[in-house]
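Take a look at the structure below.
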Amino acid sequence: MDSPMRLSRYFLPLLKENPSEAQIVSHRLMLRTGMIRQEAAGIYAWLPLGLKVLKKVEKIVEEEMARAGAIQLLMPTLQLADLWRESGRYEDYGQEMLRIKDRHEREMLYGPTNEEMITEIFRGTVKSYKDLPLNLYHIQWKFRDEQRPRFGVMRGREFLMKDAYSFDIDEASARKAYNRMFVAYLNTFGRMGLKAVPMRADTGPIGGDLSHEFIILADTGESAVFCHRDLVDMPTPGNDVDWDDLQGIVDGRTSLYAATEEMHNPDDFAAVPADKQLSARGIEVGHIFYFGEKYSKPMKAVVNGPEGEITVHMGSYGVGVSRLLGAIIEASHDEAGIIWPESVAPFDVGLINLRAGDEACDAACEKAYKALAAAGREVLYDDRDDRPGAKFASMDLIGIPWQLIIGPKGLAEGKVEIKNRATGERHTADFDEVLAQLTKAKA
RNA sequence: CGGGGCGUAGCGCAGCCUGGUAGCGCGUCUGCUUCGGGAGCAGAAGGCCGGAGGUUCGAAUCCUCUCGCCCCGACCA
């Protein structure tokens, strides 16, 4: 990790003006802050700042998956068409699937998802019911050839997705696997400063109640959602839970009304007390699904049990990792720019030298820069020879949680200023005092 | 995939209707003055006007085709 960085040597192509193609705030801000750059419709290059945040989001997802007992692997982006013929989806998937032929005219595809492949891996390696339950996941780039990509990374064609797949001996056990992902998702999104509401989703031909979309409320969300207001501010379960029995937690979240437009039932919604009814717009950042034997049966994913062969029950659990960046920005910004939650911020502290070239300012900034770096803080030091106003604007735009502002006037009295990006609160204090505060262990 | 729109300097745009030396703002570069919320002055660089055909003495401008991108709708992590 390239923690401390001088802005003069960084690659951060900021835009002062709004690119005309960006319609929603997260897209605009991601372009303006030099996080991403569009290379084709719905396809983006991730520039250093964007990549840093992407990695942080990814890491939180990985940590929470591990806590829930899921095991990481990595499947390829390209898959053989024959694999998809086994499940019948090669024909079903339609134009959204990007189909490719290699030099031998073999039919291949750029994976839009991995149910078939994980099932193939499972059936070739797991033979005994004693190896269950099992949850395997990966974080990989996917491609869906959307008819109309839009909103930047929120609805791209190429996107980074975490997809987990659970294998269980029966439906009861699969439900436990489902609950583990349910709770893991609440914790994952909570750590990113998001209030995610699980909402009943369409289970398609499988039926049952085991599919939920995790929705972030935001005015620019793509779908209309309806829910009980109390769901929005429920605390996340945290890690101190009994991973073998999560039904109570799940029931607590699913007993109140919550549905997206497709699943909305106005009569049931009317039963929610009027002051608790919330109709809003939302962004889908996760989707969990139990689909039983849909793939295991046609693809013959079976294990040996005490009384013979058992076709495994499966579920899949997706998180739109790249989309989350858009969602976080939608949920956390103001007129000046992005306001990163500390957990995913590209840097912890933005150090502003108000008078680059001034001996005292340079020296004080160097001292702060080194002290912060030594304390493990990720610092972005604006050492450019630019005017204060430009530096403030840049730092507000990219949304680093804390700004340490060092200028000649304050420094003459041994004072520096510290500003909280989220609250706008700023106070002046002794240089050493502020340094001590910022180099304390992370809360 | 239906409907609409736009491609002119890194970004935002004007010029096109009515063909005749390619412009403006921001950014970039040089110098000087500035310096606590996107500075001022002076100078400079940067364009096969998305591409290909055509009409014309002459095309950014008119015609045809093509590629790309955006928006609205229907569909999706």
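Quick note on labels: first sequence line is chain A, next is B, and so on, each numbered from 1.
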Inset, instruction - May I ask you to verify whether the side chain of R148(A) and the base of rC76(B) hold a donor-acceptor pair under 3.5 Å? - result: no
Legend entry - Set of residues satisfying side chain to side chain contact (heavy atoms under 4.5 Å, CB included) with respect to A436(A), sequence neighbours excluded: none
Legend entry - Counterpart residues, side chain to side chain contact (heavy atoms under 4.5 Å, CB included), relative to A368(A) (two or more places apart): L351(A), L404(A), I406(A), F431(A), L435(A)
Sub-3.5 Å pairs of nitrogen or oxygen atoms, protein against nucleotides 34-36 of chain B:
unit_1	atom_1	unit_2	atom_2	d
rU34(B)	O2	R387(A)	NH1	2.6
rC35(B)	O2'	R355(A)	NE	3.1
rC35(B)	O2'	R355(A)	NH2	3.1
rG36(B)	N2	E417(A)	OE1	2.3
rG36(B)	N2	E417(A)	OE2	3.3

Legend entry - Nearest-nucleotide pick for A393(A), side chain only, options being rC71(B), rG38(B), rC69(B): rG38(B)
Legend entry - Same-atom distance (P) from rU61(B) to rG15(B), integer angstrom: 15 Å
Inset, instruction - Please tell me which of the listed nucleotides, rA77(B), rG38(B), rG12(B), lies nearest to the side chain of E21(A)? - result: rG12(B)
Legend entry - Separation of the C1' atoms in rC65(B) and rG47(B), to the nearest angstrom: 25 Å
Inset, instruction - Kindly indicate whether the side chain of E17(A) and the base of rG27(B) share any N or O donor-acceptor pair separated by less than 3.5 Å? - result: no
Legend entry - Nucleotide nearest K16(A) when distance is taken to its side chain, options rC75(B), rA77(B), rG27(B): rG27(B)
Legend entry - Counter-base of rC24(B), judged by Watson-Crick or G-U geometry with both distances under 3.5 Å: rG12(B)
Inset, instruction - Tell me which nucleotide among rC69(B), rG38(B), rC11(B) gets nearest to the side chain of R32(A). - result: rG38(B)
Legend entry - Separation of the P atoms in rG10(B) and rG27(B), to the nearest angstrom: 16 Å
Inset, instruction - Give the nucleotide from the list rC75(B), rC70(B), rA77(B) with an atom nearest to the side chain of Q23(A). - result: rC70(B)
Legend entry - Cationic tip of R377(A) above Y369(A) ring, under 6.0 Å, 45° of axis: no
